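Worksheet for the structure shown next.
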Amino acid sequence: MTVVSLEERRRRERDLDPRSRPYAPWLHIDFVLVLAAAGLIAIGIAAIYSTTRGRDPADFDDFFLDRQTLFSVAGGLFMVFAAWFPYRELSKFAVAIYGTGILALIVVLSPFGEEVNGARSWFRFGDFQLQPSEFQKLAVVVAVAAFLSRFDDHMSASRVFLAVGIVAWPGLLVLLQPDVGTALVYVFIGFVLLLVGGIRFRQTVGIALIATTVVALMINSNMLEEYQSNRLRTFVDPSSDITEAAFQQRQAQIAIGNGGVGGRGYGEGSQTLSGLVPQQHTDFIFTVIGEEFGFVGGATTLGLYAVLLMRILQAARLAKDRFGTLICSGVFAMILFQVFEAVGMTLGITPITGIPLPLVSYGGSSAIATLIGLGLVLNVRMRRFS
Amino acid sequence: MTPESLRLRLSFLALLALLAFGAMVARLWYIQVLSSEEFEEIAVSNTVRVVYEPAPRGRIFDAGGNVLVDNRESLVVTVNRFAFDNEFDEAGQEDLVLRLATEISRAGRLTKVFEIDDALADPRYGPLDSVPVADDVTENFEIVLAERADEFPGVDTVIRSVRFYPYGDLAAHVLGYVSLLSEEQYELLADSPKTYRRNDEIGQTGIEASFESVLRGTPGFTRLEVDNIGDPVEVLEQVAPVAGADVHLTLDIDIQALAERELLAGLAEARRQEADDPNEPRFNAPGGAMVVLDPNGAEVLAMASFPTYSPSEFVSGFSEDRWIALQDPANHQPLNNRALAGVYPPGSTFKLFTAYAAMNSGVIGPRGVLDSRTLYEDNGAYVVPSCEEELAASCTFSNAEDAIYGPVDLRRAITVSSDVYFYYLGDTMDRADRFDREGIQRAAQMFGFGAPSGIALAGEGAGRVPSPSAAEAAGEPWRTGDSIVLAIGQGILGATPLQLANGYAAFANGGTLYAPKIVDRVENPVSREVVQDFADREVGSIYLPQPIRQPILEGLLGVTADLEGTAHLAFLGFPHQEWPVAGKTGTAEVVGKADNSLFAAFGPHPDPEYVVVAIMEESGFGASVAAPAVRRVLEPIATDSVPAVRTIDDLAELGEQIGQDGEEQDAGQVEEDSSA
């Protein structure tokens with residue numbers, strides 16, 4: 001029997017207690033980011049309930065409320081997993097993740113996929129639908145980040161070309177669904193990752209020229225569905241027509257304007273109650289916030305996003321390695337672009353595209369994918385010392 | 001890549017985010033804080049629908065309580081534009097219109113495809129509105145629609161209250177017509193408490209227009225909260241419509257019918273006359289007017305104008321060609337109410353007022369140039385003494401037809417219508433310094449000439465009374481000749497038939513000038529309570545003592561009763577003893593056209609109850625056309641045998657009776673035949 005001194009015992013106990021280790025990852029969880037995300041989810045659930053519960057107080061419809069709560073809880077669990085899993089190992093799985101995603105995007109175009117609102121973007125599992133393109137955003141982030149993190153100098157043209165290729169394949173597949181909005185998210189993610197990855201200025205100009213040409217060809221070709229080109233045209237000249245797109249944009253702005261400074265009050269928005277804004281619980285969710293919570297509510301929501309994005313950018317800066325920095329930058333790009341587009345289209349400053357507002361819009365795939373992304377950011381930040 | 005470079009690149013991302021959020025917050029501020037009010041307004045109108053329920057328009061009655069303008073229900077087919085535009089392609093739309101026209105026609109209301117197309121293209125209706133495409137559709141169509149609703153999406157029927165005229169076109173000018181309000185009217189009435197909407201009807205002329213604010217009811221409405229597809233969710237407010245008030249006129253529909261009939265007959269007679277000289281203008285008799293007043297209060301008993309129109313034509317609306325035709329001067333403007341808008345030289349009918357002026361200003365009288373009994377030698381022409389051609393315009397003025405009447409006093413000058421006698425009066429007043437130079441003008445104005453009479457109908461003419469002072473003010477010369485022709489009612493002088501009748505009424509009632517009254521009272525249609533009562537409105541009082549009135553009156557009575565009276569032939573056989581008529585013929589010259597024929601009369605003497613004035617354009621002598629027409633109006637009145645007018649419904653019933661009788665007779669005949 002070994003006699004251990006009291007001092008020694010205390011030292012051993014201290015070593016066993018992880019709190020005593022200064023670089024223990026979970027001591028560095030970014031609670032500000034977590035709280036901002038939780039706040040946005042709460043606002044989202046409230047807004048979804050307001051627009052989907054119906055008009056009869058005696059018989060409110062809880063369907064969407066229940067499901068979004070479920071998605072949020074599930075998303076939280078995924079986030080914990082994404083934060084727990086040592087992120088550096090991810091680069092080993094990058095090819096597998098990316099490949100699975102591409103496969104899913106191919107299969108979803110086949111009769112296995114389900115078409116909703118003219119886009120073949122979903123798999124159906126019983127009562128649930130899965131949108132692979134949402135998860136592919138993260139796959140693109142991880143894949144490009146893994147590719148670019150292998151180098152630490154300014155990029156050669158061939159490397160830029162390869163990175164663009166990683167983004168382009170899923171982008172094209174998503175365009176075939178067709179889902180222009182999500183494809184644009186990929187483009188922006190790719191752009192930001194190249195920027196952070198060390199692209200040269202003249203390469204940026206080259207890519208911009210090529211991208212402009214491609215987009216111009218796309219708009220002029222018949223690749224876009226009629227409603228999509230209508231949306232673009234309406235954006236250019238809102239008074240030009242009375243198509244559905246102009247109607248949506250108009251009704252969205254009326255709803256937000258109707259909110260005024262303080263909002264109409266929860267459940268009191270007349271535009272929301274009357275169901276005048278289409279897709280209000282998904283892509284146009286910001287109009288509910290704008291109408292019922294007013295400028296105060298809208299600005300608070302945007303403020304929470306600003307905090308979230310600031311913390312992500314901070315994580316990118318603090319990251320111990322390039323892979324971490326690139327992952328955080330990718331998630332930053334994904335959220336920034338979607339917020340700007342989904343809020344901007346309700347305000348009439350961006351054209352209408354079907355993009356959910358991250359964490360706030362109704363939808364499981366989007367909520368879970370975003371929370372996984374945030375989990376990765378937490379992961380990178382808390383492992384910055386280890 | 002250096003850490004500085006990475007830092008720079010991440011800062012660039014921060015900048016991007018800052019720009020994006022700056023733009024969003026700025027735009028949010030603009031929408032929610034700066035232009036919130038505007039959006040709130042739209043949001044309210046977005047979710048609140050107001051459904052209007054039109055109120056029945058007030059009715060119009062004559063003095064005897066007969067309904068002159070009523071409302072009836074018309075079944076109208078409507079097509080919802082939204083459904084029409086969205087549920088069909090072009091071929092489908094054409095097909096629907098064709099089927100619709102076929103079914104409506106088959107149900108008994110003939111409707112052409114282009115009529116429906118035109119109605120659907122009406123810019124007054126919005127893209128979500130239901131557009132009326134056919135009215136007065138039979139109930140059979142309603143049955144077709146009920147059975148085969150799925151074949152006619154967006155097609156519906158509504159019941160609309162429209163104007164109905166039980167006496168057809170009678171008194172069309174007095175009553176006026178209603179039609180859809182114009183864009184200008186809509187803007188003018190935007191703040192009216194009676195809530196005008198773009199496809200509402202409004203009184204455009206006559207009583208319908210001048211009593212629009214009374215006749216129009218206040219529409220009811222229901223404010224509904226609706227959902228995004230327009231289905232009502234909740235009733236927010238409901239206000240019942242209030243019917244418009246009824247207007248009771250002073251008009252007597254039987255006398256109105258008589259006046260219209262005789263005006264028409266008189267003009268037809270005028271057209272049959274042959275001109276003495278083929279070089280003289282023809283008697284076209286394109287139009288005329290007749291006014292019947294009660295001189296005690298100047299109540300309008302009848303007011304006829306020819307050519308006339310049919311107010312019921314406006315009920316369903318008509319083609320643009322028809323509208324242009326109604327406005328075309330070549331058709332002599334049938335919408336124009338000549339009785340109060342037509343300005344005519346009164347001719348010799350004006351001599352009453354010249355005579356009054358001469359006596360009132362002392363030209364005739366103890367200190368004047370002659371007494372009313374003084375005989376003046378009418379040798380067929382009046383030569384202006386010490387005449388200077390330039391100042392007088394002419395030095396010799398002749399009687400019409402170069403007649404020579406010999407010695408005439410005032411009474412006889414009126415009875416035989418001696419122009420020479422009145423030339424003398426006009427010349428004397430113009431040049432003798434001791435008399436009022438504008439005595440005739442002053443008298444004319446006292447009797448209501450030169451200014452609108454004040455009747456409650458729009459579009460009244462003011463007429464013209466020329467005077468030396470007015471000419472001077474306008475910088476034009478006034479010559480003795482102007483006063484001379486003014487004395488016989490010629491020249492620039494112009495009066496509306498209503499003014500002339502009202503002047504005669506003032507003389508007939510002993511010197512009170514009233515504003516002619518056409519509306520007696522306004523009544524609540526439900527309670528029969530009098531909302532507005534119109535008293536007789538005196539607008540002037542004329543000094544008319546017996547010594548002045550009597551000689552003139554005698555002259556006027558002689559016109560119809562004396563053997564040498566100008567209207568003696570026209571009034572041959574008239575019951576002069578029981579119902580003495582004072583009158584005056586007029587034959588007014590119009591440059592380049594045949595003379596206008598006029599006659600003004602009142603009776604029975606000595607307590608006149610009727611004044612009748614007739615004016616017939618391009619119809620010849622007053623004695624030969626207007627006087628007989630007035631006589632044919634006065635005789636039934638004098639003998640209390642004015643025929644009662646029948647309404648359209650009465651006539652239809654009568655027609656049915658006659659038809660049945662005829663059938664019975666035919667049947668009887670057949671029996672007889674078979675028995676024979």
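Below, chains carry the letters A, B, ... as their sequence lines are ordered, and counting in each starts from 1. Since the structure is predicted, the reported quantities are computational estimates derived from the model, not experimental observations.
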Report the C-alpha separation of A/F286 and B/L28 in whole Å, then their side-chain angles, then the decisive distance to 0.1 Å, and conclude whether the side-chain contact (heavy atoms from CB on, under 4.5 Å) test is met.
CA-CA 11 Å; A/F286 190 71; B/L28 202 61; 3.7 Å; yes
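For the atom pair CZ of A/F295 and CD1 of B/I31, the computed distance is 11.0 Å after rounding to the nearest 0.5 Å. Here the OG1 atom belonging to A/T350 is positioned 10.5 Å from the CZ atom belonging to B/R27, to the nearest 0.5 angstrom. Separating the CD atom in A/E291 from the CD atom in B/E40 is a distance of 9.5 Å, to the nearest 0.5 Å. Taking OG1 of A/T301 as the reference point, atom CE of B/M24 lies at 11.0 Å (rounded to 0.5 Å). Summarising the geometry, atom CZ belonging to A/R317 is positioned 7.5 Å from atom OG belonging to B/S11; distances are rounded to the nearest 0.5 Å. Atom-to-atom distance recorded for B/L6:CG and A/R322:CZ is 7.5 Å, nearest 0.5 angstrom.
A donor-acceptor contact shorter than 3.5 Å links the side chain of B/R9 to the backbone of A/I199. B/Q32 contributes no side-chain N or O that, together with a main-chain N or O of A/V261, makes up a donor-acceptor pair within less than 3.5 Å.
When the candidates A/G303, A/G344, A/G294 are compared by the number of heavy-atom contacts under 4.5 Å with chain B, A/G294 comes out ahead. Residue with the most contacts toward chain B among A/A255, A/A299, A/A333, A/A306: A/A306 (heavy-atom pairs, distance under 4.5 Å).
The environment of CZ in B/R7 is sparse: at most 12 heavy-atom neighbours from other residues, nucleotides or ligands sit within 6.0 Å. Within a 6.0 Å sphere centred on CD of B/E41, other residues, nucleotides and ligands contribute 12 heavy atoms or fewer. Heavy-atom neighbours of B/E37 CD from other residues, nucleotides or ligands within 6.0 Å: at or below the threshold of 12. Counted within 6.0 Å of CG on B/D191, heavy atoms from surrounding residues, nucleotides or ligands total 12 or fewer; the atom is thus considered open.
Contacts of A/V339 with chain B are made by both backbone and side-chain atoms, with heavy-atom separations under 4.5 Å. Contact of A/Y305 with chain B is made through backbone and side chain together, with heavy-atom distances under 4.5 Å. Contacts of A/L302 with chain B are made by both backbone and side-chain atoms, with heavy-atom separations under 4.5 Å. Using a 4.5 Å cut-off between heavy atoms, A/L347 touches chain B through backbone and side chain atoms alike. Heavy-atom distances place no part of B/Y30 under 4.5 Å from chain A, backbone and side chain included.
The shortest heavy-atom contact between B/A14 and A/L313 is CB-CD2, 3.4 Å. Between B/F39 and A/I254, the shortest heavy-atom distance links the atoms CD2-CA, 3.5 Å. Shortest non-hydrogen contact noted between A/G260 and B/S36 is CA-OG, 3.3 Å. Here the closest heavy-atom approach between residue B/L13 and residue A/S329 is recorded as CD1-CB, 4.4 Å. Pairing each heavy atom of B/A20 with each of A/F340, the nearest pair is CB-CD1, 3.6 Å.
A heavy-atom distance below 4.5 Å is not found between the side chains of B/L16 and A/F332.
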